[in-house]
Amino acid sequence: MLTDLNQAEVLVTGATSQIGQCLLPHLQAAGITMTAISRQPQSNTAYIVWQQSNLQISPLSISQSSLLFHVAPLPLLPPLLTHLPNNAPLKKIIAFSSTSCFTKANSPDPKERRIATQLTEAETALITICQARDIAWTLFRPTLIYGCGIDKNVTFIARFIRRFGFFPLVGQGKGLRQPVHADDLAIACVQACLSPKAINKAYNLSGGQTLTYYDMVKAIFHHLGKKPRIMSIPLPLFKFTTRCLSGLPTYAHLSAAMIARMNQDLCFDYTMAYHDFGYQPRTFSDTDMGF
């Protein structure tokens with residue numbers, strides 16, 4: 001199986017994303033040469049040929065690739081595939097969606113509902129195109145990714161704690177979470193690519209530990225070497241503060257719907273991924289959080 005991977009013309013889109021940063025070393029360690037796509041110029045290495053491209057502005061030609069790891073936003077993928085010539089060698093795609101297609105589908109925030117709709121439509125389009133072109137596909141839906149210090153969840157909490165010395169919660173923060181490390185998702189890419197059981201399937205990929213939002217924040221305090229200072233703030237006050245901060249770039253991603261989810265369970269079972277390709281994510285409390 002690994003011989004097939006070594007012989008493939010590998011393309012990685014979104015190569016400087018959290019997952020991409022972890023995936024490239026795994027592919028390189030396996031002796032795989034690849035083309036990697038980034039919006040910013042990068043230096044070539046013995047195993048990586050970098051290509052500068054902004055997929056949101058101009059579609060990239062993937063006509064020479066036989067294996068595609070698409071770790072850029074999923075809605076950018078169907079337009080790439082529609083431009084493929086009929087004789088293109090592309091045989092397999094590993095792509096990432098998000099559990100947001102479930103958790104934000106009925107959000108009171110119209111922006112979040114649009115995100116969920118775009119993801120769902122992109123998933124449907126990907127599967128439809130792959131079926132028509134006889135391209136094997138595997139779709140991953142991770143939740144709450146962390147590990148490279150660039151996410152807007154775990155790293156945001158850490159930066160807030162560093163700056164203000166405390167973290168605010170609505171109510172008790174009792175909603176369950178399963179943070180997943182970007183490196184576990186990168187490993188899953190390689191595992192699924194080598195497993196015939198993972199062909200033409202979609203998987204929800206969560207982390208190896210289930211904990212409340214409160215305990216997740218508490219673990220981040222401990223990782224920073226700080227005594228937890230977690231304050232419960234009434235929802236109306238939290239919403240008002242969020243609206244005031246949302247005009248600042250650092251806090252632009254905050255919304256009232258996001259705050260309300262602190263007390264909602266956002267858990268997903270990865271049993272099928274474990275049985276199909278050996279997915280075994282690490283726990284959150286005892287791992288390097290990347291910041």
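Numbering starts at 1 and runs along the sequence shown.
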Look at the side chain of Asp269 and the backbone N and O of Thr271, then say whether any donor-acceptor pair between them is shorter than 3.5 Å. yes
Any non-hydrogen side-chain atom of Met258 less than 4.5 Å from a side-chain atom of Lys152? no
Decide whether Asp109 and Ser107 meet the rule of one side-chain donor and one side-chain acceptor closer than 3.5 Å. no
Rounded to the nearest 0.5 angstrom, the CD1-CH2 distance for Ile48 and Trp50 is 6.0 Å
Does atom CD of Gln172 have more than 12 heavy-atom neighbours from other groups under 6.0 Å away? no
When you measure from the side chain of Gln52 to the backbone of Gln40, do you find a donor-acceptor pair of N or O atoms at a distance under 3.5 Å? no
Is any side-chain heavy atom of Leu23 closer than 4.5 Å to a side-chain heavy atom of Val190? yes
Within the structure provided, determine whether Lys104 and Leu119 are in side-chain contact (heavy-atom separation under 4.5 Å). no
Determine, stepwise, if the pair Leu11 / Leu90 fulfils side chain to side chain contact (heavy atoms under 4.5 Å, CB included). CA-CA 10 Å; Leu11 177 66; Leu90 186 61; over 6 Å; no
Evaluate whether atom CZ of Arg39 has more than 12 neighbouring non-hydrogen atoms of other residues, nucleotides or ligands under 6.0 angstrom away. no
Going only through I, L, V, M, F, W and Y residues with side-chain contacts under 4.5 Å, is there a path from Met262 to Phe284? yes
Between Phe96 and Leu185, is any pair of side-chain heavy atoms under 4.5 Å apart? yes
Could you tell me whether the side chain of Arg141 reaches within less than 4.5 Å of the side chain of Phe102, counting heavy atoms only? yes
Looking at CG of Leu27 and CE of Met34, how far apart are the two atoms once the value is rounded to the nearest 0.5 Å? 4.5 Å
With no hydrogens and no angle check, is any side-chain donor or acceptor of Lys218 less than 3.5 Å from a backbone partner on Pro228? no
Identified side-chain hydrogen bond (donor to acceptor under 3.5 Å, both in side chains) partner of Ser285 from the options His222, His223, Gln209: Gln209
Run the side chain to side chain contact (heavy atoms under 4.5 Å, CB included) test on Ser206 and Cys267 for me, step by step, so that the C-alpha distance in whole Å, both residues' side-chain angles and the decisive distance to 0.1 Å come before the verdict. CA-CA 8 Å; Ser206 53; Cys267 294; over 6 Å; no
When every non-hydrogen atom of Pro179 is compared with those of Met216, the smallest separation belongs to CG-SD, 3.6 Å
Nearest heavy-atom pair of Gly14 and Val71: which atoms, and what distance? O-CG2, 3.2 Å
Hey, would you say the Tyr279 and Tyr203 ring centroids sit under 6.0 Å apart? no
Measure the spacing between CD of Glu9 and CD1 of Ile32 and express it to the nearest 0.5 Å. 12.0 Å
For the residue pair Tyr270 and Gly208, what are the closest heavy atoms and their distance? OH-CA, 4.0 Å
One pair to check against side chain to side chain contact (heavy atoms under 4.5 Å, CB included): Tyr213 and Ile157. What are the steps and the verdict? CA-CA 11 Å; Tyr213 197 101; Ile157 295 172; 3.7 Å; yes
Measure the shortest side-chain to side-chain distance between Phe140 and Ile94 over non-hydrogen atoms and say whether it is less than 4.5 angstrom. yes
Quick one: do Phe69 and Val10 satisfy side chain to side chain contact (heavy atoms under 4.5 Å, CB included)? Show the steps, please. CA-CA 8 Å; Phe69 293 98; Val10 177; 3.8 Å; yes
Would you say the side chain of Leu76 lies within less than 4.5 Å of the side chain of Thr13, judging by non-hydrogen atoms? no
Determine whether Phe160 and Met289 fall in the same hydrophobic cluster, where Ile, Leu, Val, Met, Phe, Trp and Tyr are linked whenever their side-chain heavy atoms lie under 4.5 Å apart. yes
For Leu55 and His70, which heavy atoms make the closest approach, and how far apart are they? CD1-CE1, 4.3 Å
CD1-CD1 distance between Ile127 and Ile93, expressed to the nearest 0.5 angstrom: 11.0 Å
Ile230, Ile233: one ILVMFWY side-chain cluster at the under-4.5 Å cut-off? yes
Taking Gly171's backbone N and O only, do any of them form a donor-acceptor pair with Ser232's side chain (distance below 3.5 Å, no angle check)? yes
Got a donor-acceptor contact below 3.5 angstrom from the Arg177 side chain to the Leu211 backbone? no
With a 3.5 Å distance limit and no angle check, can you tell me whether Thr120 reaches the backbone of Thr117 through a side-chain donor-acceptor pair? no
For Thr99, does its backbone N or O pair with a side-chain atom of Thr143 as donor and acceptor, under 3.5 Å? no
Gap separating the OG atom of Ser195 from the CZ atom of Phe277, nearest 0.5 angstrom: 7.5 Å
Mind checking whether Arg282 and Asp183 have side chains closer than 4.5 Å, heavy atoms only? yes
Donor-acceptor pair, distance only, cut-off 3.5 Å: does the side chain of Asp265 make one with the backbone of Leu176? yes
Would the distance check show the side chain of Asn263 and the main-chain N or O of Gly173 forming a donor-acceptor pair, the cut-off being under 3.5 Å? yes
Ala192 versus Thr138, closest heavy-atom pair with distance: CB-CG2, 4.3 Å
To the nearest 0.5 Å, what is the distance between CD (Gln178) and CZ (Phe268)? 8.0 Å
Within one Ile-Leu-Val-Met-Phe-Trp-Tyr cluster: Val217 and Phe166, side-chain cutoff 4.5 Å: yes
Tightest non-hydrogen contact, residues Thr155 and Ile150, listed as OG1-N, 3.9 Å
In one Ile/Leu/Val/Met/Phe/Trp/Tyr side-chain cluster, 4.5 Å: Leu266, Ile220: no
Determine whether the aromatic ring centres of Phe167 and Phe221 lie less than 6.0 Å apart. no
